[in-house]
Amino acid sequence: MDDWPQQSTDEFWEAGFEGDRRVVISRLGPYRKVFRMPPGYTRRFYQQTYELGIEDWQIPLAPVDLGAFCKVDVAVQVRFQPTIRYVQQNLACLPDTGSHIKSRYQELLKDKIEQVLRQLEDAGWISSGHTRVERDVEAAVNETLTMHSIQCRTRCELQPTFAALEDLATEPPAAALKYQDLYREILRRRRELDDQRSRERFEQAAREQRLKLDHEESLLALFRRQEELRKARELQESERLKAEIAAAEERLSAQRQSEARRREQQIQHESRLNLMEIDTERKEKEKRFEAISEVDHYLKKEIELLVMEKQRMLLEQDIHNAKLAKAKGWLITEKLFSSIGETLHALEGDKDKGVPPQERSESADEK
């Protein structure tokens, strides 16, 4: 056993072990001296050193038989270290001091332990527990070895084993009359333990039932919470979709309005272009019409001039013919004068219609 109990301060047994404890045996002739190896020691040829180490010792003990209804297993382990004084008093133990101590004190310790274990015959430990008996065993072993100059620390463990409750009779058997108090205390304690276990099982079942109900309530609350969260998420998702749809509709409306404005601007621009083209064509047509009118007016004037020129030439021809006739002494007939009158009348009409002054003057001179 390597785990040693940590007792309370008033019960703690301080062993005072040392990890480097060594003893020196000095033999010089008939003289012999035993002392602790000092720090910085230098060994001489007539000296021998022995290590006094710490050892563990399991003391073999038979179980304590308290009748057919109870048996107590006993485990006692001792951790010990011999002192310089012990070696001085027992030089024969060297060099194997541990084996010497075990063989010398084992029976003594067993007797001390068995005396302490007689306390188990008293029924009081059934209710209070066997810890006090374990501590008494440890104290007895520690005190015994310490009195013999052996430093030690002891650990005792008792493991009782009881017969089943159904195997115990109401009264103890005749062979165990001296343990009747213990027997009855075991019966009472076992019944109490059984009742306690029944209550604990009932309480455990009740706790489990409460835990189950609490768990179901928690699951129901969790389900409700999840349902609320789901509805909240659905509502939030619905609101988000509505917002997205509204935003999409707004974007679409804005896009349509923008396209309508762009189309309207395009139509207006095309209308202005068409009007400009129509106006340009109209102006070109007016220019062409004015040009045609000017040409037509010019042609009319030219025709009139040609007509007048022709009439003038005819008049001149008539005048020339008349002069020739006058020169020849011919008589001018009435027809000739009528023709001349018509010609003059035509010339007067042309003058009123806008015959140039120069032409009129020329015509007059000719007359």
Side-chain angles (χ1 to χ4, degrees), residues 222-325 332-367:
L222 179 60
F223 176 76
R224 290 174 179 171
R225 179 61 179 167
Q226 290 178 349
E227 186 68 17
E228 292 176 357
L229 291 175
R230 184 185 63 80
K231 291 181 179 179
R233 285 196 297 268
E234 289 180 354
L235 180 60
Q236 183 178 5
E237 184 69 16
S238 176
E239 294 296 332
R240 186 184 66 81
L241 291 176
K242 289 181 180 179
E244 289 182 356
I245 293 172
E249 290 178 350
E250 185 176 357
R251 288 194 300 270
L252 182 60
S253 177
Q255 183 178 0
R256 289 177 177 175
Q257 291 177 1
S258 176
E259 291 179 354
R261 287 194 300 270
R262 184 174 58 82
R263 182 63 179 171
E264 184 179 359
Q265 291 174 357
Q266 184 178 0
I267 292 172
Q268 291 177 357
H269 180 67
E270 291 177 354
S271 299
R272 287 195 297 269
L273 291 178
N274 291 333
L275 291 175
M276 290 174 64
E277 291 179 358
I278 293 171
D279 186 63
T280 303
E281 291 179 358
R282 181 181 61 78
K283 289 180 180 180
E284 290 180 357
K285 289 180 179 180
E286 288 179 354
K287 288 180 181 180
R288 286 197 300 271
F289 181 75
E290 290 177 358
I292 292 172
S293 298
E294 290 178 356
V295 172
D296 185 60
H297 182 66
Y298 178 77
L299 290 176
K300 286 181 179 180
K301 286 184 177 182
E302 289 293 329
I303 292 171
E304 291 177 353
L305 291 175
L306 290 175
V307 171
M308 292 174 62
E309 183 66 24
K310 184 178 180 181
Q311 290 177 355
R312 186 182 62 81
M313 291 177 66
L314 292 173
L315 180 60
E316 288 178 353
Q317 184 67 33
D318 291 338
I319 292 172
H320 180 69
N321 293 329
K323 287 179 178 181
L324 290 178
I332 299 173
T333 62
E334 184 180 355
K335 183 178 180 180
L336 177 61
F337 283 109
S338 177
S339 177
I340 292 171
E342 291 178 358
T343 302
L344 289 175
H345 180 73
L347 288 175
E348 289 296 331
D350 293 336
K351 181 179 179 181
D352 293 335
K353 292 180 181 180
V355 178
Q358 185 178 0
E359 293 180 357
R360 287 198 303 267
S361 62
E362 291 177 356
S363 177
D365 291 341
E366 291 176 355
K367 289 179 180 180

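Here, residue 1 is the first one in the sequence, and each next residue gets the next number. All values reported here derive from a predicted model rather than from experimental measurement.
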List in chain and number order the residues that pass salt bridge (charged side-chain N to carboxylate O under 4.0 Å, His left out) with [X], two or more places apart in sequence or in another chain; answer none if no residue qualifies.
{"X": "Glu227", "result": "Arg230"}
{"X": "Lys300", "result": "Asp296"}
{"X": "Glu302", "result": "none"}

Salt bridge (charged side-chain N to carboxylate O under 4.0 Å, His left out) pairs, two or more places apart, involving residues 269-281: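 Listed once each, the pairs are Asp279-Arg282, Asp279-Lys283.
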Could I get the full list of side-chain contact (heavy atoms from CB on, under 4.5 Å) partners for [X], not counting sequence neighbours?
{"X": "Ile267", "value": "Arg263, Ser271"}
{"X": "Glu284", "value": "Thr280, Arg288"}
{"X": "Ile303", "value": "Val307"}
{"X": "Arg262", "value": "Glu259, Gln266"}

Near Glu234 CD, under 6.0 Å, is it more than 12 heavy atoms from other residues, nucleotides or ligands?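 Atom CD in Glu234 is crowded, with more than 12 foreign heavy atoms closer than 6.0 Å.
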Can you sort out the partners of [X] under side chain to side chain donor-acceptor pair (under 3.5 Å), two or more places apart, ordered by chain and number?
{"X": "Glu228", "result": "none"}
{"X": "Glu237", "result": "Arg240"}
{"X": "Lys285", "result": "none"}

Quick check for you: to the nearest 0.5 Å, what is the distance between [X] atom [atom1] and [Y] atom [atom2]?
{"X": "Leu222", "Y": "Leu229", "atom1": "CG", "atom2": "CG", "value": "9.0 Å"}
{"X": "Glu239", "Y": "Leu235", "atom1": "CD", "atom2": "CG", "value": "5.0 Å"}
{"X": "Glu264", "Y": "Gln268", "atom1": "CD", "atom2": "CD", "value": "5.0 Å"}
{"X": "Gln317", "Y": "Lys310", "atom1": "CD", "atom2": "NZ", "value": "13.0 Å"}
{"X": "Leu314", "Y": "Glu309", "atom1": "CG", "atom2": "CD", "value": "10.0 Å"}

